[in-house]
Student: 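My questions all concern the structure below.
Predicted model only: the values in this text are computed from it and were never measured. Remember, it's 1-based here, ligands and their atoms both numbered in the order they're listed.
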Amino acid sequence: MDAQSESRLKQLQHTYATYKQENLKLDMSRGKPSPEQLDLSNAMLDYPSSKDAMVTESGVDIRNYGGLDGLPEMKKLFADLLSVTTDEVIVGGNSSLTLMHDTIARALLHGVRGSNAPWGQQKVKFICPTPGYDRHFSICEHFGIEMIPVDMTDDGPDMAAVESLVAEDETIKGIWCVPKYSNPTGSVFSDEVIERLAKMETKAPDFRILWDNAYIVHYLTDRPATFNNIFTACEANGHSDRIFAFVSTSKISFAGAGIAALAASKENIDAIKKHLAMQTIGPDKINQVRHLHFFKDAEGVVQHMQKHADILKPKFDKVFEVFEEQLGGKDLATWSAPDGGYFISVDTLNDCAKEVVRLAKEAGVVLTNAGATFPYGKDPLDRNIRIAPSFPTVEELDKAMRVFCTCVELVSLQKQ
Ligand code: PMP
């Protein structure tokens, strides 16, 4: 190490020691909405009261059993949001992750349309664009589904790799996709990627795209990303059963008490409903009415998201500002600059991420575990770190990101 680097290292060690003495307690490990964001929907809790009508215009008593696939009005809202028809939607409970988990569990037990046998009786593999969402990978691991990583680009998964894998291996039954403002890279799938996903020939007759549109309206700019409709693209290519799409209001209304939905071809939906009828007599219609009263329709949801953006944008900007100031021009890290979603994805130099996360934690800044964005928690280059700026205040973020940048530079220098 040259004298200049040695002196910089000493400086960084001193700064790091100072941070440690501050006894910081900042948790940025998950993409949780902040209390301020949750407050935006508090008015929802005033409805329905005991004085409000308990029977909807379509004649459903919201307090009673029934309505397996959701209130017609709620199906319409989600259908409009997802650009499908109402008979292509099932409204579920509060969590889209549950819908994803159960979709795979059903496929393992019973197969899906086009299956020769339940997936559980065969070897099953899934393509996992990486870096990706850790809970998708956990579902696969939990069910013994082998994960095949494929690089995530700015436009979506590396399609040449995806196409050649699915064309040759009939045990590959699915791919995880977060098409808009992807977790964690913020990538938005291009129309070309959508067309290729819809068109590609798969060796498995029952291949599925798990289209997790978790950030469908989660814009940070006033120029929202749009893309072609994957449902119509699949239909046009003779693969209308290929898509299982998921969405929820977790980061629109309340993360713990929102509403989730699943969309798929009418034939898929009819097949799923037969299984669902064994699992429930119907979802929580009172929460559906609450959401309908508050948002009115899909356009109401889009309008509401502007208020979230007003809170979130300064937080993302703060992260970029500190990164630029502390790491800009040093060639020690690159970071994504998403126009929406909940995350910023950082790549450090190779073999540094785990140590950066460990040092940050020791200084009181808890980040998502390094490796979490890869199947089995193993980032082969040990370089990707997911930053979740939504929960802390702008002031807390300023501090947390300074600690983070110090750790990045410190670890990079120590590895030299
Ligand atoms: N999918 C993605 C890509 C997510 O980032 C999250 C939340 N972090 C979820 C699903 C969870 O959704 P839900 O709250 O509807 O279960």
Side-chain angles (χ1 to χ4, degrees), residues 27-34 37-38 41 70 74 77-78 81-82 89-105 126-140 142 147 152 156-157 174-189 209-220 225 230 243-263 283-284 287-288 291 301 305 308 312 315-316 336 338 340-345 366-369 372-375 384-391:
D27 189 345
M28 299 181 59
S29 57
R30 307 277 352 156
K32 289 203 288 189
S34 62
Q37 285 176 271
L38 298 171
S41 299
M74 198 70 214
L77 186 151
F78 277 121
L81 213 52
L82 289 159
V89 173
I90 293 173
V91 181
N94 73 317
S95 160
S96 62
L97 199 69
T98 303
L99 294 177
M100 294 175 226
H101 171 280
D102 289 359
T103 298
I104 295 185
F126 259 58
I127 295 178
C128 299
T130 55
Y133 178 39
D134 56 348
R135 292 188 197 271
H136 289 161
F137 305 154
S138 305
I139 290 177
C140 282
H142 184 58
M147 291 178 268
M152 185 73 174
I175 180 171
W176 285 109
C177 291
V178 183
K180 210 190 261 189
Y181 310 128
S182 171
N183 177 350
T185 61
S187 312
V188 178
F189 284 26
I209 298 173
L210 284 105
W211 193 253
D212 179 1
N213 217 337
Y215 300 104
I216 185 167
V217 286
H218 301 57
Y219 321 116
L220 289 171
I230 184 91
I243 297 290
F244 286 146
F246 305 89
V247 72
S248 82
T249 69
S250 289
K251 287 163 183 172
I252 297 173
S253 56
F254 299 127
I259 301 184
L262 183 166
D284 177 354
N287 202 24
Q288 291 182 26
H291 278 72
V301 171
M305 291 314 285
H308 282 276
L312 284 171
K315 298 189 179 187
F316 276 74
S336 62
Y342 259 62
F343 303 101
I344 295 165
S345 175
V366 181
L367 301 161
T368 310
N369 280 340
T373 50
F374 283 76
N384 188 251
I385 300 174
R386 185 180 80 166
I387 304 290
S390 57
F391 194 82

Student: Just by distance, do the side chain of N213 and the backbone of A245 share a donor-acceptor pair under 3.5 Å?
Tutor: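 Checked: no pair found.
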Student: Assess the residue pair V178 and H136 against the criterion (side chain to side chain contact (heavy atoms under 4.5 Å, CB included)); give the C-alpha distance rounded to whole Å, side-chain angles, the decisive distance to 0.1 Å, and a yes or no.
Tutor: CA-CA 10 Å; V178 183; H136 289 161; 3.5 Å; yes
Student: Classify the contact between S248 and ligand 1 as side chain, backbone, both or neither, using a heavy-atom distance cut-off of under 4.0 Å.
Tutor: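 For S248, only side-chain atoms sit under 4.0 Å from ligand 1.
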Student: Yes or no on side chain to side chain contact (heavy atoms under 4.5 Å, CB included) for R386 and R30, after CA distance, side-chain angles and deciding distance?
Tutor: CA-CA 9 Å; R386 185 180 80 166; R30 307 277 352 156; 3.6 Å; yes
Student: So if I count the atoms of ligand 1 from 1 in the order they appear, which ones are less than 4.0 Å from some heavy atom of S250?
Tutor: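 Per the distance check, 13 (P), 14 (O), 15 (O).
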Student: H308 side chain to I252 main-chain N or O, any donor-acceptor pair under 3.5 Å?
Tutor: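 It does hold such a pair.
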Student: Which residue holds the protein heavy atom closest to atom 1 (N) of ligand 1, what is that atom called, and what is the gap in Å?
Tutor: D212 OD2, 2.5 Å
Student: Under a heavy-atom criterion of less than 4.0 Å, does Y342 contact ligand 1?
Tutor: no
Student: Counting only heavy atoms closer than 4.0 Å, does ligand 1 sit against the backbone of L97, its side chain, both, or neither?
Tutor: both
Student: How far is atom 12 (O) of ligand 1 from the closest protein heavy atom, and which atom is that?
Tutor: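 Closest protein heavy atom to atom 12 (O) of ligand 1: S96 OG, 3.1 Å.
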Student: Which residue owns the protein heavy atom closest to atom 16 (O) of ligand 1, what's the atom, and how far is it?
Tutor: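 Answer for atom 16 (O) of ligand 1: S95 OG, 2.8 Å.
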Student: For S96 versus V247, what's the shortest heavy-atom pair and its separation?
Tutor: CB-O, 3.7 Å
Student: Kindly confirm or rule out an N or O of T98 lying under 3.5 angstrom from an N or O of ligand 1.
Tutor: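 Among all N and O atoms of T98, none is under 3.5 Å from an N or O of ligand 1.
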Student: What residue and atom, counting heavy atoms only, is the protein's closest point to atom 6 (C) of ligand 1, and at what distance?
Tutor: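 Nearest protein contact, heavy atoms only, for atom 6 (C) of ligand 1 is Y133 OH, 3.2 Å.
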Student: Say whether, by atom type as modelled, one donor and one acceptor occur between the side chain of D284 and the main chain of G93 under 3.5 angstrom.
Tutor: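 Here the side-chain-to-backbone pair does not exist.
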Student: Under 4.5 Å between any side-chain heavy atoms of P179 and Y215, yes or no?
Tutor: no
Student: Pairs of nitrogen or oxygen atoms closer than 3.5 Å, one from H136 and one from ligand 1: do any exist?
Tutor: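 So ligand 1 has no N or O lying under 3.5 Å from an N or O of H136.
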Student: Looking at atom 5 (O) of ligand 1, what's its closest protein heavy atom, distance included?
Tutor: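 For this ligand atom, the closest protein heavy atom is Y215 OH, 2.5 Å.
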Student: Of W176, F244, F246, F189, which is the lone residue that meets ring pair (Phe, Tyr, Trp, His ring centres under 6.0 Å) with W211?
Tutor: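 One option only clears the test, and that one is F189.
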Student: With a heavy-atom distance limit of 4.0 Å, tell me whether K251 approaches ligand 1 through its side chain, its backbone, both, or neither.
Tutor: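 Side chain only.
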